[in-house]
Asks: 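Below are the structure tokens for one structure; questions will follow.
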Amino acid sequence: MIDSPLRAIAPSEIASLYRDGAVLLKNVLPQRWLNILEEGLEQANRQPGGMSSNVDGPLRIDQFPSSQSPALARFVAESPIAELVGRVLDSPVRFYMDQMFYKPAGEIEPTPWHQDTCYYNIEGQDLVRAWVSPDPVPREISMEVVRGSHRWNVTYHSWVGRPLEEDPEGAERAIKAMAAGEPVIGVEAHKTWSYANAFRDKSMPAAPDIATYKDSFDILGWDFEPGDVLLFHGHILHGAEGGCHSTQPRRAHASMWAGNDIRYMHRLGQVVPDPEGLYRYKPRSGDLLASFPDIFPIVWQPR
Ligand SMILES: O=C(O)CCC(=O)C(=O)O
């Protein structure tokens, strides 16, 4: 059973998400879900899985942490998050995947500017990310987005991983997998995985250097309070500043939700493995996620 948010989303908030690519929904999550979220992040942090990774220094990012933590699994399946996303998309929503960003106390690590699209084997417009924290997160270390960049109609290559020329044998295997209609990252990656194993597919453009030329971009950012939910479009350029000192860890959970038009798509630069159960279906590019209802069940739909 999905729990309801503390309040309805205003039409102006929905308009902001479509116009700007992101909206901070103030005070929508009840306290008990913040307790479950906190318990879940601590559970996942204590039990690193095969897809826990320190990308750059102590910044810990886990893929699919809800498969490591019963509390996060409950948060995904029953908290008001799915309804908030569904109200924005005005359609049934399916859970695609989640991540944990756990930045230890001390000097907070930044998250480099990036677009999520190229990391996953999916494409489409009805893609919304829900980012939450059980902690107050001041603007200096919270999420920022380039306003409107979800509408630039471009998919950049990832900044993680290595160029194809650096590993000719691996590149040949990846190109063969693409030709055979198989994912470049196999199911075994769910047991042992690293950002460094991906290929940077330079047939796609590099993302602009927002960190260096930040003043040239229209940046949106927020002071986040527990109970708020930041929704942003799956294609938007986003990142987080670091460098400040914090006595508390900066903990966040981000879940990716798919609406009606999201389809599977093989990518040479795939970084994150497909959801584990999907491999046995051998999905083809163009298949709707809705064709795999046991892997991507509807979590919430409008009545
Ligand atoms: O929490 C962060 O610092 C980064 C989050 C992020 O990149 C995401 O949710 O896609």
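All ligand and atom numbering here is 1-based and tracks the order in the structure.
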Asks: Please determine if R250 and E109 form a salt bridge, counting it only when a charged side-chain N lies under 4.0 Å from a carboxylate O.
Replies: no
Asks: Answer yes or no: is there an ion pair linking E42 with R251, defined by an N-O contact shorter than 4.0 Å?
Replies: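 Yes, charged N to carboxylate O under 4.0 Å.
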Asks: If you group Ile, Leu, Val, Met, Phe, Trp and Tyr whenever their side-chain heavy atoms sit less than 4.5 Å apart, what else falls in with F217?
Replies: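 Via sub-4.5 Å side-chain contacts, F217 links to W113, V146, W152, V154, Y156, I210, Y213, I219, L237.
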Asks: List by chain and number: which residues place a heavy atom under 4.0 Å from ligand 1?
Replies: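 Ligand 1 is contacted, at a heavy-atom distance under 4.0 Å, by F101, K103, T111, H114, D116, R129, W131, M143, F232, H238, A240, R250, A254.
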Asks: For residues 172-187, dump all side-chain donor-acceptor pairs below 3.5 Å to protein atoms at least two apart in sequence or in another chain.
Replies:
residue : atom : partner : partner atom : Å
E172    : OE2  : K176    : NZ           : 3.4

Asks: Return yes when atom CZ of R284 has more than 12 non-hydrogen atoms of other residues, nucleotides or ligands closer than 6.0 Å, and no otherwise.
Replies: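 Incorrect, the count does not exceed 12.
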Asks: Can you tell me which residue pairs pass the ring-ring contact (aromatic ring centres under 6.0 Å, His included) test with a partner in residues 167-193, sequence neighbours excluded?
Replies: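 Sorted result for residues 167-193: F64-H190, W193-Y195.
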